[in-house]
Amino acid sequence: IEKKNLSLQVDFTISFLFPFPCVNGHNLIKCLVYMYCFPLIISAPSGGGKTSIVARLLEDDGLSRVITATTRAPRKGEIDGKDYHFWSVRRFESAIKKGAMAEWAKVHVNYYGIPKSSLDKLIKAGKTPVLVIDVQGARTVKKVYKRAVSIFITPSSFDELKRRIISRDDGTTDIKVRLASAKKELKCIKDYDYLVINDDFEKAVADCKAIIRAERLKVERSTKKFKQ
């Protein structure tokens, strides 16, 4: 009996705070799902630290990396539907014509892009899709998904960024190209919602988490879905 009264009390409180039908909190849960559902765009120049930061952010069960589609051949150990969606050129070009891609680009001879279905599937499941994309891709996605939140990550100075790029042990020989690209990307910071300075890794991770939490709590992400 006490448990039943407690349930009624919880439902009464929820109904008072959120004036729409609520049975055992189910609609509140639905409301929170809608509240959390927004694509999260993360961009950074080479050496900005986005890969390490995103790896930490993905420890949050509410976040999920979006699976990219590509026309390149799978590498050893890669699994279709897990690492990438491996598509034929014909299928990819068909998806472009149908407007089924949130963003895409052709890199050398291969296509890379994010299918809208990958984003929509995660959103419907109550997940926040995480897109690690460049400034051009971010601009395209923001046009399609108006509720997307974008974060630009960079160290506090170009000299530090240059130092990181030069000291990277990834066998790259295109340092000049990376530096030139970084300069162009830094000019696009004004197009983003948030800027996170990555001089202190743990602080940068904490800043990103704070942004995500604040965005999840925005009233505008929930009230549009409330029903009287």
Side-chain angles (χ1 to χ4, degrees), residues 38-58 63-72 75 78 83-87 92-93 95-96 99-119 122 128-158 160-166 168 170-198 201 204-205 207-208 211-212 215:
F38 55 89
L40 178 64
I41 298 168
I42 295 183
S43 302
S46 177
K50 61 182 178 293
T51 302
S52 299
I53 289 175
V54 168
R56 283 284 295 276
L57 296 179
L58 288 172
L63 303 180
S64 183
R65 182 187 286 275
V66 177
I67 299 175
T68 300
T70 181
T71 57
R72 75 162 173 77
R75 293 168 183 157
E78 289 183 331
D83 299 294
Y84 284 92
H85 293 299
F86 294 103
W87 290 359
F92 204 109
E93 291 179 343
I96 293 172
M101 303 300 292
E103 68 93 23
W104 63 274
K106 192 171 186 179
V107 182
H108 304 301
V109 297
N110 294 310
Y111 285 108
Y112 290 85
I114 297 173
K116 290 179 181 177
S117 59
S118 292
L119 279 165
L122 290 172
T128 294
V130 179
L131 299 85
V132 183
I133 52 181
D134 62 17
V135 294
Q136 183 179 343
R139 195 176 296 118
T140 302
V141 171
K142 289 278 277 188
K143 289 179 180 178
V144 179
Y145 293 85
K146 305 296 184 183
R147 290 157 62 90
V149 174
S150 56
I151 302 174
F152 193 92
I153 300 170
T154 183
S156 58
S157 71
F158 188 76
E160 172 59 18
L161 188 62
K162 182 178 179 179
R163 185 194 66 77
R164 293 184 189 182
I165 292 174
I166 293 174
R168 289 183 74 166
D170 59 1
T172 183
T173 57
D174 59 352
I175 292 175
K176 289 184 178 180
V177 173
R178 290 190 180 189
L179 290 173
S181 296
K183 286 184 177 180
K184 291 179 181 178
E185 291 166 337
L186 288 169
K187 291 179 180 179
C188 297
I189 289 176
K190 63 183 185 302
D191 299 326
Y192 283 72
D193 298 313
Y194 299 93
L195 171 63
V196 170
I197 300 300
N198 183 20
F201 177 73
V205 171
D207 286 344
C208 287
I211 290 167
I212 295 166
E215 287 291 335

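Note that the structure is predicted; figures quoted are calculated from it, not measured. Nothing fancy with the numbering, it's 1 onward along the sequence.
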Which distance, rounded to the nearest 0.5 Å, do you find between the [atom1] of [X] and the [atom2] of [Y]?
{"X": "I114", "Y": "I41", "atom1": "CD1", "atom2": "CD1", "answer": "8.5 Å"}
{"X": "E93", "Y": "I96", "atom1": "CD", "atom2": "CD1", "answer": "6.5 Å"}
{"X": "Y112", "Y": "W87", "atom1": "OH", "atom2": "CH2", "answer": "14.5 Å"}
{"X": "T71", "Y": "Y84", "atom1": "OG1", "atom2": "OH", "answer": "11.5 Å"}
{"X": "S117", "Y": "M101", "atom1": "OG", "atom2": "CE", "answer": "8.0 Å"}
{"X": "Q136", "Y": "T140", "atom1": "CD", "atom2": "OG1", "answer": "6.0 Å"}

Whether the side chain of [X] engages the backbone of [Y] through a donor-acceptor N/O pair (distance < 3.5 Å, no angle test) should be reported.
{"X": "E160", "Y": "S157", "result": "no"}
{"X": "K116", "Y": "G99", "result": "yes"}
{"X": "K50", "Y": "I42", "result": "no"}
{"X": "S118", "Y": "V66", "result": "no"}
{"X": "T70", "Y": "Y111", "result": "yes"}
{"X": "S150", "Y": "D193", "result": "yes"}

Steps toward side chain to side chain contact (heavy atoms under 4.5 Å, CB included) verdict (I151, Y192): CA-CA 6 Å; I151 302 174; Y192 283 72; 5.7 Å; no

D134 bridged to R139 by N-O distance under 4.0 Å: no

Among I165, I175, V177, side-chain contact (heavy atoms from CB on, under 4.5 Å) partner for S46: I165

Residue pair [X] / [Y]: nearest heavy atoms and the distance that separates them:
{"X": "G113", "Y": "F92", "result": "N-CZ, 3.6 Å"}
{"X": "A138", "Y": "I133", "result": "N-CD1, 3.5 Å"}
{"X": "G49", "Y": "N198", "result": "CA-ND2, 3.7 Å"}
{"X": "C188", "Y": "V135", "result": "CB-CG1, 3.9 Å"}
{"X": "G48", "Y": "I153", "result": "O-CG2, 3.5 Å"}

Heavy-atom side-chain proximity of [X] to [Y] below 4.5 angstrom:
{"X": "L57", "Y": "V130", "result": "no"}
{"X": "I197", "Y": "L195", "result": "yes"}
{"X": "L179", "Y": "P45", "result": "no"}
{"X": "R72", "Y": "E78", "result": "yes"}
{"X": "V196", "Y": "F152", "result": "no"}

Are more than 12 heavy atoms, taken from residues, nucleotides or ligands other than R164, located less than 6.0 Å from that residue's CZ atom? yes

We want to know whether E215 and Y194 form a side-chain donor-acceptor pair, criterion being a heavy-atom distance below 3.5 angstrom. yes

Applying side chain to side chain contact (heavy atoms under 4.5 Å, CB included), run through I212 and T128 and close with a yes or a no. CA-CA 9 Å; I212 295 166; T128 294; 5.6 Å; no

